[in-house]
Amino acid sequence: MPKGVVSDTGGYAVALKWSMSKFYDCEPGDVFLAASDIGWVVGHSYSVYGPLLHGCTTILFEGKPVHPDAGVLWRVIEEHGVNVLFAAPTGFRAIRQLDRNGSMTKKYDLSTLKSVFVAGERSDPNTLHWIETILSDYKVPVIDHWWQTELSFPGAGNAKGLGLIKPKHGACAAAVPGYDIQALGDDGEELPPNTFGSLAIKLPLPPGTLPTLYNNDERYIKDYLSKFPGYYDTMDAGMVDDEGYVSILSRTDDIINVSGIRLSTGAMEEILFEHPDVTDCAVIGVRDDLKSEIPVGFVVVSPGRDSSKESELLDELVALVRQKMGVVSNFKSVAVVRALPKTRSGKILRQTMRKIANGEDYVVTPTVEDPNIFDELTPFILKVVGKK
Amino acid sequence: MIAIRNNILQMSRRVLACRQKPTAFLDCSFFSTRNDTVGRFGKYSVDFEESLSNKEKYWHNAASDLHWFQEPSLENTLQTHPRSEFMHKWFSDGLINTSYNCLDRHVLEGRGNQKALIYDSPVTNTQKHYTYSELLDEVSQFAAALTHLDVKVGDRVVIYMPMIPEAAIAMLACARIGAIHSVVFGGFAAKELASRVDHCKPKVIVTASGGVLPGGKTVPYKPLVEGALELAECADDVKKCVVVQRDLVECTLNDARDVSYKDLMDSVANERVDAVPLPATHEHW
């Protein structure tokens with residue numbers, strides 16, 4: 001059964017109109033390209049309603065960011081004079097895999113571009129840094145921001161229209177006006193600054209956010225409002241620091257418990273992305289009799305990489321995580337795979353991978369991009385967790 | 001180089017901090033993406049504080065940037081839902097139409113000749129654009145078509161479409177007459193489409209003959225819609241299936257329920273429907 005997130009008429013229009021100037025720093029008449037699909041919330045809000053409410057020109061892009069080549073987004077920007085680009089990190093990673101030096105950007109005049117916004121799958125700093133580097137001729141800020149379908153517009157990030165605030169390591173800047181974001185402990189208590197916990201939004205939510213689920217107030221209350229009374233449960237984990245910067249590291253279920261220590265698989269993925277040969281990666285928690293859970297990594301490498309040196313690469317990756325996060329990470333297992341299982345909107349299906357690794361039954365979501373990917377991946381998953 | 005060295009320094013400081021405080025290393029991300037931005041932190045802070053401490057006033061003020069058929073009152077800007085103290089309603093005494101705010105308003109304010117929508121499709125090698133006037137005209141006409149199909153305020157319409165202009169036109173036409181649209185991602189298989197149809201019980205499905213993938217491979221949608229309607233329990237409630245015929249994907253319309261987008265639009269060639277004032281709390285999608 002679909003979740004059935006709904007949106008109202010007035011609050012949604014007010015929030016989107018507000019966000020076009022205050023968050024995305026757009027003027028009426030600007031050209032906005034959200035490289036998403038109208039089936040997703042980003043497509044609703046920023047391929048259709050947001051830009052039109054604001055008197056902008058919106059671009060409906062039918063295609064992939066690497067077809068016919070890795071320069072197609074740059075071509076669209078030049079041809080239509082795009083001022084703001086919004087895309088998912090997975091799209092930029094696909095471009096990077098084919099055009100690591102960003103040479104395609106040199107073929108086009110991108111001088112109209114004012115900013116790049118990134119959201120969808122959690123963005124790793126390396127990917128953000130890469131986008132900024134290849135666009136460095138234009139000094140375009142690359143702004144990560146945090147979203148949920150339920151919110152229908154950004155919840156945290158650098159609100160460019162209110163002036164960029166100084167970025168901080170690992171934080172996606174601050175809560176968007178209207179959102180009182182708090183890190184909560186397991187008993188629902190507000191945690192002190194800099195403490196990692198469940199991220200929740202103190203009620204009421206701002207306009208634009210879901211008023212309920214379709215025909216199902218009870219399920220809305222049960223799923224979102226019951227765990228922490230007085231708060232909306234984002235089901236994401238992270239922290240808020242003493243200056244109000246918000247870090248979102250994982251879905252709550254991407255936190256693993258290794259020998260009693262709570263670790264973020266997302267933080268490990270960020271470290272793996274630092275290796276120059278890694279173009280994509282996922283870390284999952286696998287059940288372990290001794291340590292409760294252990295992390296296992298899967299990486300996709302650049303096409304040019306010498307495959308005979310795979311074991312050296314794996315050693316380097318293990319060393320990298322252990323050096324940066326410490327031996328307490330217990331990061332020992334990593335495998336190279338051709339591709340990761342993703343939804344069409346670019347989210348990695350970590351839960352399904354975890355179920356395969358744990359030998360549990362699983363259902364392949366219909367939104368999977370390549371339905372055969374799990375047949376290909378299962379032997380790798382079982383091998384790396386030592387079950388085959 | 002200096003930047004890199006600074007990063008390494010910061011990295012090692014982070015690692016040290018991590019070791020000293022093992023529970024805190026979840027925030028170990030080592031690269032700042034930008035070091036050169038300086039902010040008007042002040043402006044952000046003012047808005048942020050105001051949005052929380054004086055939320056009714058803040059969002060009531062934001063609402064004044066839109067056209068309202070009946071402006072929401074400040075005192076009713078935020079109300080607790082009778083169902084639960086934790087559920088809320090915004091602008092509950094305001095009357096508004098999103099399609100009006102997306103289209104009519106800009107035409108009236110002189111943006112009629114500005115491009116509203118540019119369709120750029122590398123997979124089909126086509127481009128098309130609509131000015132605000134053209135988009136308003138097409139949306140008002142499709143809203144008339146939906147009205148002829150007996151779609152009324154509160155009725156549901158499933159939009160199962162690739163990224164083509166008619167998808168946005170269908171969405172805006174629904175918003176214009178107060179129909180609730182449920183956009184289903186093109187490429188969901190029949191079973192998933194069926195569960196969404198059963199979930200929202202639409203009166204009309206708007207679809208296309210198919211999608212086109214990079215490389216020119218096509219995905220016919222019509223067999224998926226037919227499959228979904230065989231599976232769906234409420235299939236009989238679906239009165240019409242409007243199909244945008246695309247050049248690259250052939251599709252025969254054999255069911256009495258089917259009508260092509262073009263034929264439907266031709267049948268209302270001289271009709272246009274105005275935007276309907278809707279309560280702000282009316283479900284949009």
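Chain naming here is simple, since letters A, B, ... match the order of the sequence lines and numbering starts at 1 in each. Nothing here was measured: the structure is a model prediction, and the numbers come from that model.
- Of the two parts of B:L66, only the side chain, counted from C-beta on, holds a non-hydrogen atom closer than 4.5 Å to a non-hydrogen atom of chain A.
- For the set B:N101, B:L117, B:I180, the entry with the most heavy-atom pairs within less than 4.5 Å of chain A is B:L117.
- The candidate with the highest count of non-hydrogen atom pairs below 4.5 Å against chain B, out of A:G11, A:P204, A:S36, A:A175, is A:P204.
- Per-residue heavy-atom pair counts under 4.5 Å with chain B were compared for A:A159, A:P68, A:C56, and the maximum is reached by A:C56.
- Annotation: B:E56, atom CD; neighbour count of heavy atoms from other residues, nucleotides and ligands within 6.0 Å is above 12.
- Looking at B:Q114, the atoms closer than 4.5 Å to chain A (heavy atoms on both sides) all sit in the side chain, from C-beta outward.
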query: How far apart are the C-alpha atoms of A:L52 and B:Y132, what are their side-chain angles, what is the distance that settles it, and do they pass the side chain to side chain contact (heavy atoms under 4.5 Å, CB included) test?
result: CA-CA 9 Å; A:L52 295 179; B:Y132 269 99; 3.5 Å; yes
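- Looking at heavy atoms from C-beta onward, A:H80 lies in side-chain contact with B:Q127 at the 4.5 angstrom threshold.
- Chain B forms the most heavy-atom pairs under 4.5 Å with one residue out of A:L205, A:I131, A:L33, A:T133, and that residue is A:L205.
- Between atom CG of residue B:L135 and atom OG1 of residue A:T58 there is a gap of 10.0 Å, rounded to the nearest 0.5 Å.
- For B:P279, the part lying near chain A is the backbone, with the side chain staying farther off; criterion is any non-hydrogen pair under 4.5 Å.
- Highest contact tally toward chain B, considering only A:G244, A:G29, A:S21, A:G63, is held by A:G29 [criterion: heavy-atom pairs under 4.5 Å].
- Contact annotation: the side chain of B:D47 approaches that of A:K22 to within less than 4.5 Å [non-hydrogen atoms, C-beta and beyond].
- Here the closest heavy-atom approach between residue B:A175 and residue A:Y49 is recorded as CB-OH, 4.1 Å.
- Contact between A:V48 and B:M171 at its shortest, heavy atoms only, is CG2-SD, 4.0 Å.
- Residue-environment remark: CD (A:E79) exceeds the threshold of 12 foreign heavy atoms within 6.0 Å.
- Among A:F32, A:Y220, A:F61, the residue with the largest count of heavy-atom pairs under 4.5 Å with chain B is A:F61.
- Between A:H67 and B:G215, the shortest heavy-atom distance links the atoms CE1-N, 3.4 Å.
- Interface remark: A:V41 contributes side-chain atoms only to the contact with chain B (heavy atom separation under 4.5 Å).
- Neither the backbone nor the side chain of B:H129 comes within less than 4.5 Å of any heavy atom in chain A.
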task: Assess whether side chain to side chain contact (heavy atoms under 4.5 Å, CB included) is satisfied between A:D37 and B:M163, documenting all intermediate values.
output: CA-CA 7 Å; A:D37 186 283; B:M163 285 289 276; 3.6 Å; yes
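- For A:H44, there are no side-chain hydrogen bond (donor to acceptor under 3.5 Å, both in side chains) partners at least two apart in sequence or on another chain.
- For a residue to count as touching a neighbouring chain, one of its non-hydrogen atoms must lie under 4.5 Å from one of that chain's; by this rule A:P229 touches chain B with backbone and side chain alike.
- The side-chain heavy atoms of B:R156 and A:Y214, taken from C-beta on, include a pair separated by under 4.5 Å.
- A:V66 does not touch chain B: none of its heavy atoms, backbone or side chain, sits under 4.5 Å away.
- For B:A167 against A:I38, the heavy-atom pair with the smallest separation is CB-CD1, 3.4 Å.
- Contact residues of residues 82-90 of chain B toward chain A are B:R83, B:S84, B:F86, B:M87, B:H88, B:W90 (heavy-atom distance under 4.5 Å).
- At distances below 3.5 Å, at least one donor-acceptor pair connects side-chain atoms of A:T57 with backbone N or O atoms of B:K115.
- Both the backbone and the side chain of B:H282 come within less than 4.5 Å of a heavy atom of chain A.
- Contact detail for B:P122 and A:V72: the closest heavy-atom pair is CG-CG2, 3.7 Å.
- The list of side chain to side chain donor-acceptor pair (under 3.5 Å) pairs with a residue in residues 9-18 of chain A, not counting sequence neighbours, reads A:Y12-A:S45, A:Y12-B:W285, A:K17-A:H54, A:W18-B:Y58.
- Between chain A and the residues B:T126, B:V212, B:I164, the largest count of heavy-atom pairs under 4.5 Å involves B:I164.
- The contact between A:W40 and chain B is made entirely by side chain atoms (from C-beta outward), counting heavy-atom distances below 4.5 Å.
- Contact annotation for B:L213: neither backbone nor side-chain heavy atoms come within less than 4.5 Å of a heavy atom of chain A.
- If you take CZ on B:F48 and CD1 on A:I165, they are separated by 10.0 Å, rounding to the nearest 0.5 Å.
- A 4.5 Å side-chain heavy-atom check between A:E62 and B:D120 finds every atom pair outside the cut-off.
- In this structure, OG on B:S121 lies 10.0 Å from CG on A:L60, to the nearest 0.5 angstrom.
- No donor-acceptor pair closer than 3.5 Å links the side chain of B:S51 to the backbone N or O of A:P177.
- Along residues 91-99 of chain B, the residues that come nearer than 4.5 angstrom to chain A, judged on non-hydrogen atoms, are B:F91, B:I96, B:T98 in order of number.
- Between chain B and the residues A:R75, A:K64, A:K202, the most heavy-atom pairs under 4.5 angstrom are made by A:R75.
- Between B:A62 and A:V14, the shortest heavy-atom contact is CB-CG1, 3.9 Å.
- Counting only heavy atoms from C-beta outward, the side chains of B:R111 and A:P28 approach each other to under 4.5 Å.
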